[in-house]
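Heads up, the thing below is written out as structure tokens.
No hydrogens, no waters, no symmetry mates; every other heavy atom, side chains included, goes into these values. In what follows, every chain begins at residue 1, and chains take the letters A, B, ... in the order their sequences are listed.
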Amino acid sequence: MKQGLALRLFNSLGRKLQEFTPIHPGKVGLYTCGPTVYNFAHIGNLKTYIFEDILRRTLEYLKYDVTHVMNVTDVGHLSDDADQGEDRMMIGARKTGKTVWEIADFFTNAFFRDLEHLHIVKPTIICKATEHIQDMIDLIVRIEKNGFTYFKGGNLYFDISKFPDYGKLANLNLADLKAGARIEVDENKKNPHDFVLWFTQSKFEHQAMLWDSPWGRGYPGWHIECSAMSIRYLGETFDIHCGGVDHIQVHHTNEIAQAEAATGKKWVNYWLHGEFLVTSNAKMSKSLENFITLNSLKERGYDALDYRYFCLGAHYRKQQNFSFEDLDAARTARNNLLDRVARLKKQSDNDSSEPIAGNALRHLESFQENLLNDLNMPKCLSDLWNLLKDEKIEPHLKLRVVLEMDKVFGLNLEAAHLEDVVLNDKLMRLLNERDEARINKDYTRADEIRVQLEDEGIIIEDTPDGVRWRRK
RNA sequence: GGCGCCGUACCCAAGUGGUAAGGGAGAGGUCUGCAAAACCUUUAUGCACCGGUUCGAAUCCGGUCGGCGCCUCCA
């Protein structure tokens, strides 16, 4: 790593680029909001996990020992404002005839399969909300003891008027909040932005998940799980918390209020938020049902990593437009990339341990600079391409730098290789026949065979070193 | 109403004061029997529009127009 480079990240708390300094030298506590498992993740959701993976890989590239915690929200949540609507898990269960637990399990598995296909490094700790109810209750007790709650209509509420810093992440102020509230207000709330810590009064029938608590049998409010589990695994103050931009105003704002009301300490130092994927100028969302899953991309013939490459093409803090045309461009680019790397492999003798210097070093350092500048992946990709196209660099050296960069890209370039397609006897005979035809200058016959082979999925290329073939 | 994001070539997309990265697509070329692949060259005197600041602005300030998100479960 180039001397004097420091990682700079855009902190949503304060809205500016800041140099990253961990609480404990050499170690990072990272919490990333995970999925609510009542449906498949869509590629918009996955964009955020890809961004977080780049962050995780970057931290590890910088030799930090990262403890990465991700929650799985397998408790049902309301589909609407506080006391209305239906539990999302219940809706899922009703549609499929499964229990809520089976639904949670099924979609949790599907989610982590997606992450695997996207080459997203698995979190150090994955924690399910339903397995941490006691942690949540304990935290709520502390919040209550510190005087931030009130109990009304069967539910325990967080009183935001008791927390002067409320809204600091989202640049909100309490006066505006009252004026701006347009949602039909829960009558029990003193302030429209108060939120429930623990429900005992639910208006759904057949609430499937219930636990005993000091406030009665019920279930936790949504926000409390992240506060409780992150504190459990990362301590009362930790380094980085990530999520999608949609979480800034409510979820993360409420998490901060709860956590800091309980501990009296600053909870998180750096907040990072990924912007949305949009399609023809509308966001992709589960409730709008305009969403595309990773599986459906595969059914259309794309590789999960095509989508990963696509996401790398835009900065994580900018909305990115999705279209199949652009995904095609990403796929072509990635295939070209794999091709180049595969050729490099063929050209390099793998015994090089000489130091990276000259142009190779220049490209690598540029990459590092762009990486540390708030994870500028588009620029990093540009460095990768400039490296690949630089003719002054020896193949083996080039390859080493490529693989070095790929520690962060996570495009699995290591696995790139020229495919050796073994032809069966019939095809081999055709190939030989074509060779003969060409020697005899019977090009009509030769071209005929080329078409024939293409129909079999084999592309023929005549090179100065003889004929070469590959799969279509 | 409040809080935010954005408008750069045919498409995607970097660039936050010093004269427009990269990818895809297109065009021309080298090579080839022809292709393919590869390689080379090429494609924005201009960054929504109008003012302003400055020696200098896509970049800063003000305004206009347009697109999007959050404020209700959501990445």
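- Residue contacts for Arg340(A): at a heavy-atom cut-off of 4.0 Å it reaches the sugar-phosphate backbone alone, with no base atom in range.
- Under the 6.0 Å cut-off for aromatic ring centres, Phe195(A) and Tyr157(A) do not qualify, their centroids lying 6.0 Å or more apart.
- Comparing atom distances between the Asn386(A) side chain and each of G33(B), A25(B), A21(B) picks out A21(B) as nearest.
- Each of Lys190(A), Lys152(A), Lys189(A) was evaluated against Asp159(A); a single residue qualifies, Lys190(A), per the salt bridge (charged side-chain N to carboxylate O under 4.0 Å, His left out) test.
- The side chain of Asp326(A) approaches C11(B) more closely than any other nucleotide in the set C71(B), C11(B), G24(B).
- Gly243(A) comes within 4.0 angstrom of sugar-phosphate atoms only, judged by non-hydrogen atoms across all strands, and of no base.
- Within 4.0 Å of His251(A), counting heavy atoms only, lies no atom of the nucleic acid at all.
- Arg445(A) comes within contact range of no nucleotide atom at all, as no heavy-atom separation falls under 4.0 Å.
- Taking only side-chain atoms of Glu275(A), from C-beta outward, the nucleotide of A36(B), C11(B), C5(B) with the closest atom is C5(B).
- Backbone-only engagement by His315(A) is indicated by non-hydrogen atom pairs under 4.0 Å involving sugar-phosphate atoms exclusively.
- Looking at heavy-atom distances under 4.0 Å, Asn370(A) makes no contact with the nucleic acid at all.
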**Asked** Hey, mind stepping through Glu52(A) and Tyr316(A) against side chain to side chain donor-acceptor pair (under 3.5 Å) and telling me if it holds?
**Response** CA-CA 9 Å; Glu52(A) 290 162 349; Tyr316(A) 76 89; over 6 Å; no
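- Within the 4.0 angstrom heavy-atom criterion, only backbone atoms of the sugar-phosphate kind lie near Glu391(A); the bases stay farther away.
- Separating the CZ atom of Phe276(A) from the P atom of C71(B) is a distance of 8 Å, rounded to the nearest angstrom.
- If you check distances only, the side chain of Asp328(A) never reaches the base of G24(B) with a donor-acceptor pair under 3.5 Å.
- Distances shorter than 4.0 Å separate some side-chain N or O of Asn336(A) from OP1 or OP2 on G24(B).
- When heavy atoms are screened at a 4.0 angstrom cut-off, Asp383(A) is found touching no nucleic acid atom at all.
- Looking only at distances, no side-chain donor or acceptor of Asp74(A) sits under 3.5 Å from a matching main-chain atom of Lys128(A).
- Checking G24(B), A75(B), A35(B) against the side-chain heavy atoms of Asp462(A) singles out A35(B) as nearest.
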**Complete:** Each base of RNA chain B marked ( ) or [ ] if paired in-strand (Watson-Crick or G-U under 3.5 Å), | if paired to another strand and . if unpaired gives ((((((((.[[[..)..(...]]]((((((.......))))))....[[[[[..)....]]]]])))))))....
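- Atom CZ of Phe322(A) and atom P of A13(B) are 12 Å apart (whole Å).
- Heavy atoms of Lys318(A) sit under 4.0 angstrom from primed sugar atoms or phosphate atoms, though from no base atom.
- Here the side chain of Pro378(A) is nearest to one of A38(B), G24(B), A13(B), namely A13(B).
- Heavy atoms of Leu277(A) sit under 4.0 angstrom from at least one base atom.
- Side chain of Asp246(A), nearest nucleotide from C12(B), A37(B), C70(B): C70(B).
- Here Trp385(A) does not pack flat against the base of G22(B), since the 5.5 angstrom centre distance and 30 degree tilt limits are not both met.
- Using a 4.0 Å heavy-atom distance criterion, Phe51(A) is classed as making no nucleic acid contact.
- Among the heavy atoms of the strands, none lies under 4.0 Å from Arg331(A).
- Judged purely by atom type and a 3.5 angstrom limit, Arg331(A) uses its side chain to pair as donor or acceptor with the backbone of Gly301(A).
- Within the 4.0 angstrom heavy-atom criterion, no nucleotide atom of any strand lies near Leu384(A).
- In terms of polar N and O atoms assigned as donor or acceptor, the side chain of Gln249(A) never comes within less than 3.5 Å of the base of C71(B) in a complementary pairing.
- Taking only side-chain nitrogens and oxygens, Lys389(A) never comes nearer than 4.0 Å to OP1 or OP2 of C40(B).
- With distances taken from any side-chain atom of Lys379(A) to the nucleotides A38(B), A75(B), G15(B), the minimum falls on G15(B).
- Here Arg438(A) lies in heavy-atom contact (under 4.0 Å) with a base.
- Checking the phosphate oxygens (OP1, OP2) of G15(B), a side-chain nitrogen or oxygen of Asn376(A) falls inside 4.0 Å.
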